[in-house]
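Have a look at the structure below before the remarks.
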Amino acid sequence: MAQLESSPIGQSGFDPGQIIEFPAGLPAFEDLRRFLLLALDGSAIGALQSVDRPEICFPVIPIAAIKPDYEMELPPEDRELLAVAGHETAGLLALAIVTLAESGPPTANFLAPVLIHLGRRRGVQSVRSDARYSHQHPVGPTEEPC
């Protein structure tokens, strides 16, 4: 079992077979291609942890936990990176990177979800071509106007 020391997560052991390959990296982190998807105890929020640079760790949440009717868009270039054919979405996990602001509630990026093919251990951050969803979708309960 390999070990990883990360300041946000601490020390954790992992099986190298758990690594998710991102053939194109992530936007602004194109050189980082190997990540672990870690569950955080007692929270729906998890972590996308870089294996190569342990100081890089993104809080993520399954989009279905916030918006069950989210409609995935998967352009041909992302299908190729994930090695999926046609309109196949089975086995894909859609995650949103969560922004934890100092002044304000956390938000989730629905405009550029992280898509992971769990069976193939491949991932991509897929930037949508439409403006249907926001990059600052509220996470958690929101107050309804009276």
Side-chain angles (χ1 to χ4, degrees), residues 2-41 43-142:
Q3 294 291 317
L4 180 71
E5 181 71 35
S6 165
S7 57
I9 304 297
Q11 186 171 21
S12 58
F14 68 94
D15 178 337
Q18 293 176 296
I19 293 174
I20 300 164
E21 296 287 337
F22 283 76
L26 298 174
F29 297 93
E30 289 82 3
D31 61 324
L32 302 180
R33 300 194 175 191
R34 300 180 323 137
F35 287 85
L36 294 171
L37 182 58
L38 305 173
L40 301 180
D41 293 336
S43 175
I45 295 179
L48 191 61
Q49 172 67 60
S50 171
V51 173
D52 300 310
R53 288 189 42 206
E55 71 275 13
I56 305 295
C57 183
F58 301 101
V60 293
I61 190 165
I63 291 177
I66 302 169
K67 186 158 184 59
D69 62 345
Y70 180 86
E71 292 184 21
M72 199 178 312
E73 177 183 274
L74 197 56
E77 59 273 12
D78 292 343
R79 287 185 183 286
E80 186 176 324
L81 290 171
L82 292 170
V84 297
H87 295 289
E88 174 190 353
T89 58
L92 289 180
L93 173 64
L95 301 170
I97 294 179
V98 177
T99 299
L100 305 169
E102 285 185 29
S103 59
T107 61
N109 185 348
F110 281 10
L111 189 60
V114 173
L115 304 176
I116 298 174
H117 192 290
L118 297 171
R120 293 186 181 102
R121 311 299 300 168
R122 292 176 70 93
V124 65
Q125 187 170 13
S126 184
V127 181
R128 294 182 67 102
S129 62
D130 60 15
R132 182 172 182 179
Y133 298 105
S134 171
H135 68 286
Q136 294 181 316
H137 188 87
V139 175
T142 57

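Here the CZ atom belonging to Arg53 is positioned 13.5 Å from the CZ atom belonging to Arg34, to the nearest 0.5 angstrom. One finds the CD atom of Glu30 at 10.0 Å from the CD atom of Gln125 (value rounded to the nearest 0.5 Å). Atom-to-atom distance recorded for Ile56:CD1 and Leu26:CG is 10.0 Å, nearest 0.5 angstrom. With rounding to the nearest 0.5 angstrom, the CG atom of Leu92 is 6.0 Å from the CG atom of Leu82. How far CD1 of Ile63 is from CG of Leu95: 7.0 Å, rounded to the nearest 0.5 Å. Rounding to the nearest 0.5 angstrom, the gap separating the CG atom in Leu48 from the CG atom in Leu37 is 6.5 Å.
Remark: Asp31 pairs with no residue by the side-chain hydrogen bond (donor to acceptor under 3.5 Å, both in side chains) rule, at least two apart or across chains. Residues forming a salt bridge (Lys or Arg N to Asp or Glu O under 4.0 Å) with Arg121 (at least two apart in sequence, or on another chain): none.
When Val84, Ile20, Leu93 are each tested for a side chain to side chain contact (heavy atoms under 4.5 Å, CB included) with His117, only one passes: Val84.
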Just distance, no hydrogens or angles: give the donor-acceptor pairs under 3.5 Å from side chains in residues 101-112, sequence neighbours left out.
from: Asn109; atom 1: OD1; to: Leu111; atom 2: N; distance (Å): 3.0
from: Asn109; atom 1: OD1; to: Ala112; atom 2: N; distance (Å): 2.9

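Judged purely by distance below 3.5 Å, without hydrogens or angles, the side chains of Ser129 and Glu73 pair a donor atom with an acceptor atom.
More than 12 heavy atoms of other residues, nucleotides or ligands lie within 6.0 Å of NE2 in His137, so this atom counts as buried by the packing criterion.
In terms of heavy-atom proximity, Pro59 sits nearest to Leu100 at CG-CD1, 4.3 Å.
Counting only residues at least two apart or in different chains, ring-ring contact (aromatic ring centres under 6.0 Å, His included) contacts with residues 44-68 comprise Phe29-Phe58. Evaluation of the side-chain hydrogen bond (donor to acceptor under 3.5 Å, both in side chains) test over residues 74-86, restricted to residues two or more places apart or in two chains, returns Asp78-Ser126. Within the structure, side-chain hydrogen bond (donor to acceptor under 3.5 Å, both in side chains) contacts touching residues 56-67 (residues at least two apart or in different chains) are Lys67-Asp69.
In this structure, the side chains of Arg122 and Pro23 come closer than 4.5 Å at one or more pairs of heavy atoms. Using a 4.5 Å heavy-atom threshold, the side chains of Ile19 and Leu36 count as touching.
Arg120 places a side-chain N or O within 3.5 Å of a backbone atom of Ala83 that can act as its donor or acceptor partner. Although no hydrogens or angles enter the test, the distance criterion places a donor-acceptor pair under 3.5 Å between the side chain of Gln49 and the main chain of Pro54.
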